[in-house]
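Input: a single structure, listed below in structure tokens.
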Amino acid sequence: MKILVLGAGKMGSFFLDLLSFDHETAVYEKNPDRLRFTFNTLRFTTMKEIKEFEPELVINAVTVKYTVSAFEEVMPYLPDNCLISDIASVKTGLKDFYAKCGRRFVSTHPMFGPTFANLNQLSHENAIIINEGDYMGRIFFKDLYSRLGLSIYEYTFEEHDKTVAYSLSIPFVSTFVFAAVMKHQDAPGTTFKRHMNIAKGVLGEDDYLLQEVLFNPYTSGQVEQIRTELKELLDIIERKDETAMKEYLNKIRDNVRRDITAVRF
């Protein structure tokens, strides 16, 4: 299959490495410096090259802020039967875009990123495939993700957004709060250093991505839960209530234990 990847960033390069030995691949990237690190693939910087390549599948891996605009730029140069796809972690506006564009599409979300995940060992990671997309496109990505050992879930666009609101907004907001109140430590403990590394990783993400995750319409409800829990915990601390603290710790340990069990089984 002829596959065109839009964007030679970390995830775009990851997909090129993954696909280039089984397919004829090409990458379109406006920043020529990024193309220095691609191999075994055609490297494009003009729309004319894309038109001549005649891709059968396009994987849009540009920064989430430009997902739709990248599609709009490239679509006039694609064959009518070309399947378009995205791997965006934020799907805001994409359902409406696909409905209007009139093309076959498939939308997926690899639930891992280059910041924390080991891209060479993904057997404990997950991927979401939007079940509202093209059937054969979903089969293609399901086979691809299965070969990586990923756990695959099929959701609607709405179900995806709800999942992202939970799985990304809670750790993002918790990290923001930690970063907002932290002070320099000359001799930080192990737990502090681990939280600091997480904060550096999260805050190293694209600002627009962080914004869109938090502006997800389902995020506010998740953040409200954090505020409720903090209020309860603060009350226990102020009262120095040992019994209530023990009950609270048992409650959150049960939450963590149930989550680990769900992941394993």
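Just so it is clear, the model here is predicted, and its values are computed rather than measured. One-based numbering along the sequence shown.
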Subject >> All pairs passing salt bridge (Lys or Arg N to Asp or Glu O under 4.0 Å) where residues 21-33 contributes a residue, at least two apart >> reply: E29-R34, K30-E73
Original post:
How about Y28 and F44: are their ring centroids closer than 6.0 Å?
Top reply: no
Original post:
Quick one: do Y218 and V90 end up in the same hydrophobic cluster if we chain Ile, Leu, Val, Met, Phe, Trp and Tyr together by side-chain heavy atoms under 4.5 Å apart?
Top reply: no
Original post:
Roughly how far apart are H124 NE2 and S151 OG, rounded to 0.5 Å?
Top reply: 9.5 Å
Subject >> hydrophobic_cluster_shared for M1 and V5, side chain cutoff 4.5 Å >> reply: yes
Original post:
With the threshold set at 4.0 Å, does a side-chain nitrogen-carboxylate oxygen contact exist between E159 and K162?
Top reply: no
Original post:
Going from CG on L94 to CG on D161, what distance comes out if it is rounded to the nearest 0.5 angstrom?
Top reply: 9.5 Å
**OP:** Not counting sequence neighbours, list each pair that qualifies as a side chain to side chain donor-acceptor pair (under 3.5 Å) and has a residue in residues 48-72.
**Re:** T46-E49
Original post:
Do E229 and Y248 meet the criterion of a side-chain donor-acceptor pair at a distance under 3.5 Å?
Top reply: yes
**OP:** Supply the atom-to-atom distance H109 NE2 to K91 NZ, rounded to the nearest 0.5 angstrom.
**Re:** 7.0 Å
**OP:** Might you work through the side chain to side chain contact (heavy atoms under 4.5 Å, CB included) test for E132 and Y98, ending with a clear yes or no?
**Re:** CA-CA 10 Å; E132 298 169 73; Y98 285 132; over 6 Å; no
Subject >> Spacing of L214 atom CG and E212 atom CD [to the nearest 0.5 Å] >> reply: 9.5 Å
Original post:
Tell me, do L57 and C82 make a side-chain contact under 4.5 Å, heavy atoms counted?
Top reply: no
Subject >> Value rounded to 0.5 Å, distance of CD in E247 from CD1 in I236 >> reply: 8.0 Å
**OP:** Describe, in one word, how the ring planes of F14 and F112 are oriented to each other, choosing from parallel (under 30°), tilted (30 to 60°) and perpendicular (over 60°).
**Re:** perpendicular
**OP:** Determine whether F178 and L168 fall in the same hydrophobic cluster, where Ile, Leu, Val, Met, Phe, Trp and Tyr are linked whenever their side-chain heavy atoms lie under 4.5 Å apart.
**Re:** no
Subject >> Same apolar cluster: V173 and Y208, side chain cutoff 4.5 Å >> reply: yes
Subject >> F215 backbone acceptor or donor facing T219 side chain under 3.5 Å >> reply: no
Subject >> Note: K251-D254 ion pair, threshold 4.0 Å (strictly below) >> reply: no
**OP:** Quick one: do V164 and I128 satisfy side chain to side chain contact (heavy atoms under 4.5 Å, CB included)? Show the steps, please.
**Re:** CA-CA 10 Å; V164 167; I128 292 174; 5.6 Å; no
Subject >> Pair H195-N197, side-chain donor/acceptor within less than 3.5 Å >> reply: no
Subject >> Heavy-atom check, side chain of R147 versus side chain of D143, under 4.5 Å >> reply: yes
**OP:** Indicate yes or no: at least one non-hydrogen side-chain atom of R194 is less than 4.5 angstrom from one of T191.
**Re:** no
**OP:** Tell me, with the steps shown, if H23 and F140 meet ring-ring contact (aromatic ring centres under 6.0 Å, His included).
**Re:** CA-CA 12 Å; H23 302 275; F140 175 85; 5.8 Å; yes
Original post:
What about Y155 and H160, are their ring centers closer than 6.0 Å?
Top reply: no
**OP:** Could you walk me through whether D235 and R239 pass the salt bridge (charged side-chain N to carboxylate O under 4.0 Å, His left out) test, one step at a time?
**Re:** CA-CA 6 Å; D235 179 63; R239 292 187 287 111; 2.9 Å; yes
Original post:
Between the main-chain N or O of I87 and the side-chain N or O of T108, is there a donor-acceptor pair closer than 3.5 Å?
Top reply: no
**OP:** Please report the closest heavy-atom contact between G12 and A61, naming both atoms and the distance.
**Re:** CA-CB, 3.7 Å
**OP:** Kindly indicate whether the side chain of L150, heavy atoms from C-beta on, has any atom under 4.5 Å from the side chain of N126.
**Re:** no
Original post:
Are more than 12 heavy atoms from other residues, nucleotides or ligands located less than 6.0 Å from atom CD of E242?
Top reply: no
Original post:
Given side chains that start at C-beta, do those of V223 and R227 come closer than 4.5 Å, heavy atoms only?
Top reply: no
**OP:** List the atom of D86, the atom of S107, and the distance in Å for their closest heavy-atom pair.
**Re:** OD2-OG, 2.8 Å
**OP:** Using atom types as modelled and distance alone, determine if a side-chain donor or acceptor of T41 lies under 3.5 Å from a backbone N or O of T25.
**Re:** yes
Original post:
Between CG of L83 and CZ of R104, what distance do you get to the nearest 0.5 Å?
Top reply: 4.5 Å
Original post:
Parallel under 30°, tilted from 30 to 60°, perpendicular over 60°: which one fits the rings of F15 and Y145?
Top reply: perpendicular
**OP:** Give the minimum heavy-atom separation between A26 and L16, together with the two atoms involved.
**Re:** O-CD2, 3.9 Å
Original post:
Are the side chains of I130 and T156 in touch, meaning some heavy atoms are under 4.5 Å apart?
Top reply: no
Subject >> Heavy-atom closest pair, residues L35 and R43 >> reply: O-NH1, 2.8 Å
Original post:
Hey, does L4 have a side-chain heavy atom less than 4.5 Å from the side chain of V27?
Top reply: no
**OP:** Assess whether atom CG of N31 is packed by more than 12 heavy atoms of other residues, nucleotides or ligands within 6.0 Å.
**Re:** yes
Original post:
Between I226 and Q222, does a side chain to side chain contact (heavy atoms under 4.5 Å, CB included) hold up when you go through it step by step?
Top reply: CA-CA 7 Å; I226 295 176; Q222 300 296 338; over 6 Å; no
Original post:
How far apart are the closest heavy atoms of P171 and T175, and which atoms are they?
Top reply: O-OG1, 2.7 Å
Original post:
For N40, does the CG atom sit with more than 12 other heavy atoms under 6.0 Å from it, leaving out its own atoms?
Top reply: yes
**OP:** Step by step, work out the side chain to side chain contact (heavy atoms under 4.5 Å, CB included) result for F172 and V213.
**Re:** CA-CA 9 Å; F172 279 12; V213 167; 3.9 Å; yes
Original post:
Taking all non-hydrogen atoms of both residues, which atom of R138 and which atom of N131 are closest, and how far apart?
Top reply: NH1-O, 3.5 Å
Original post:
Got M111 and E125 here, is their nearest side-chain heavy-atom distance under 4.5 Å?
Top reply: no
Original post:
Are I198 and L203 connected in a single hydrophobic cluster, I mean Ile/Leu/Val/Met/Phe/Trp/Tyr linked by side-chain heavy atoms less than 4.5 Å apart?
Top reply: yes
